[in-house]
Amino acid sequence: MGIRIFATILAVVSLAWVVQRFRRTRRFTIELMAWLVVFSGIGLVVFVPKATDRFAFWLGVSSGFNALTFIAVTTLLLLVFRILSRLQKVERDLTRLIRAYAVDTAVQVPARPSESAKPSASPAQSGDK
Amino acid sequence: MSQLVIVIPAYNEARVIGDTLARLPRTIEGVSIRVVVVDDGSSDGTADVVRACGDDRILLLRHAINRGLGGALGTGLAYARKIGADFAITYDADGQHAPGDIVVVLGPLQSGQADAVIGSRLLSPEGMPGHRIVGNWGLNLFTYLLFGLWTTDSQSGLRGFNRKAIDSIELRMDRMEVSSEFIKEIRRTRLRFLEVPIRAIYSEYSLAKGQKNRNGINIVLRLLLYRLLED
Ligand SMILES: Nc1nc2c(ncn2[C@@H]2O[C@H](COP(=O)(O)OP(=O)(O)O)[C@@H](O)[C@H]2O)c(=O)[nH]1
Ligand SMILES: [Mg+2]
């Protein structure tokens, strides 16, 4: 079955990456744990399809694989949603930062020399502080 | 005398902004004029052109990096709020507005007839290309469906506000969607709103760089996302 070969390659490559990262950072983070859970899940479905069928029945879909696809899509959607709202917040904060700096460093454009030669006009500089 | 701040957002407009600034009205009955140019992280020397234009009514504010039209307008209005301006008018840098229309937008604010005014190109759409008209009506409809206020030109760059509006409008959208957000804010804060007919000057320059209808799709998507995430 193609999917077994595919899943095995994917799992081996990803696990190698996870292990390598763990060795580099020496920290067993939530992220690493999440990956382990995901790959154990994939392994379970691919190699022991029966195990997930009961869950599939409860969910109301016809097989364990369908159930997993359903969960994966839902999870991804939630993640995308979260990332989008994070991104929006980051962008907004960035704008606020850049705005504050721009307002504080406003510079008045100097009048044309011929005009500023008149006694009344003074050399212009950032006012409004 | 009351103070009018003309807010000009500018992104890579070095070629035309000198001309736009030079054509601004010298004086307007009953107000003293301040011009706030917000250089939105331009890379073409827009700020140098502004600095060299020799008009000391102009203040130059610079965004260290590009934040988009909404970001730039928000900065200009924040400045107007800070100096306690009585009126603020937003005015595009690319020369697509007729300088004489500034008083047209200002009029209803000065007379106390409205808190917020939008200069509508579609009340007299001569010269506006057909595909623009269609795209614009699409966005008008969409803006109405999302925010519940009907305008004939939801994407106009020429808008006017009195102090009450300057103080109460809160912009959160950084890009072109801000035009629709103004309308949402006008409705949310229950400002008295009026549309006045203005002219649109469609030069080859402003057409080439202005909003394509593809941009319109982006605006629609961002507005939808905004509704989803904010409310
Ligand atoms: N396109 C663009 N315009 C910006 C940006 N920031 C400020 N602006 C200014 O917003 C105004 C309107 O932009 P324009 O592209 O002509 O849009 P349109 O006239 O609504 O089709 C111009 O004065 C621009 O210089 C930005 O990030 N992108
Ligand atoms: Mg334009």
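Below, chain A is the first sequence line, B the second, and so on; all start at residue 1.
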Are the side chains of A:Gln108 and B:Arg34 in contact, using a 4.5 Å heavy-atom criterion? yes
Indicate yes or no for a side-chain donor-acceptor contact from A:Arg112 to the backbone of B:Cys53 under 3.5 Å, with no hydrogens or angles considered. yes
Smallest heavy-atom separation, B:Gly54 atom then A:Val109 atom, equals N-CG1, 3.9 Å
Around atom CZ of B:Phe142, are there more than 12 heavy atoms of other residues, nucleotides or ligands at under 6.0 Å? yes
So do the side chains of A:Leu94 and B:Arg67 get within less than 4.5 Å of each other, counting heavy atoms only? yes
Do you know which of B:Val38, B:Asp39, B:Ile58, B:Val36 has the most heavy-atom pairs with chain A at a distance under 4.5 angstrom? B:Ile58
Which heavy atom of A:Val103 sits nearest to which heavy atom of B:Ala78, and what is that distance? CG2-CB, 4.4 Å
Considering only heavy atoms and a distance below 4.5 Å, find which of B:Arg51, B:Met173, B:Arg57 pairs most often with chain A. B:Arg51
Where A:Glu91 and B:Asp174 come nearest, the two heavy atoms and their spacing: O-OD2, 3.7 Å
Side chain, backbone, both or neither: which part of B:Arg175 has a heavy atom under 4.5 Å from chain A? side chain
Distance in Å, B:Leu61 CG paired with A:Ile98 CD1, rounded so as to fall on 0.5 Å steps: 13.0 Å
After noting the C-alpha distance and the side-chain angles of A:Asp104 and B:Lys82, does the key distance pass the side chain to side chain contact (heavy atoms under 4.5 Å, CB included) rule? CA-CA 10 Å; A:Asp104 283 346; B:Lys82 181 181 164 183; 4.1 Å; yes
Between the OH atom in A:Tyr101 and the NE2 atom in B:His63, the distance rounded to the nearest 0.5 Å is 12.5 Å
Non-hydrogen atoms of A:Pro110 and B:Asp56 that approach each other most closely: C-CB, 4.3 Å
Please classify the contact between A:Leu97 and chain B as side chain, backbone, both or neither, with a heavy-atom cut-off of under 4.5 Å. neither
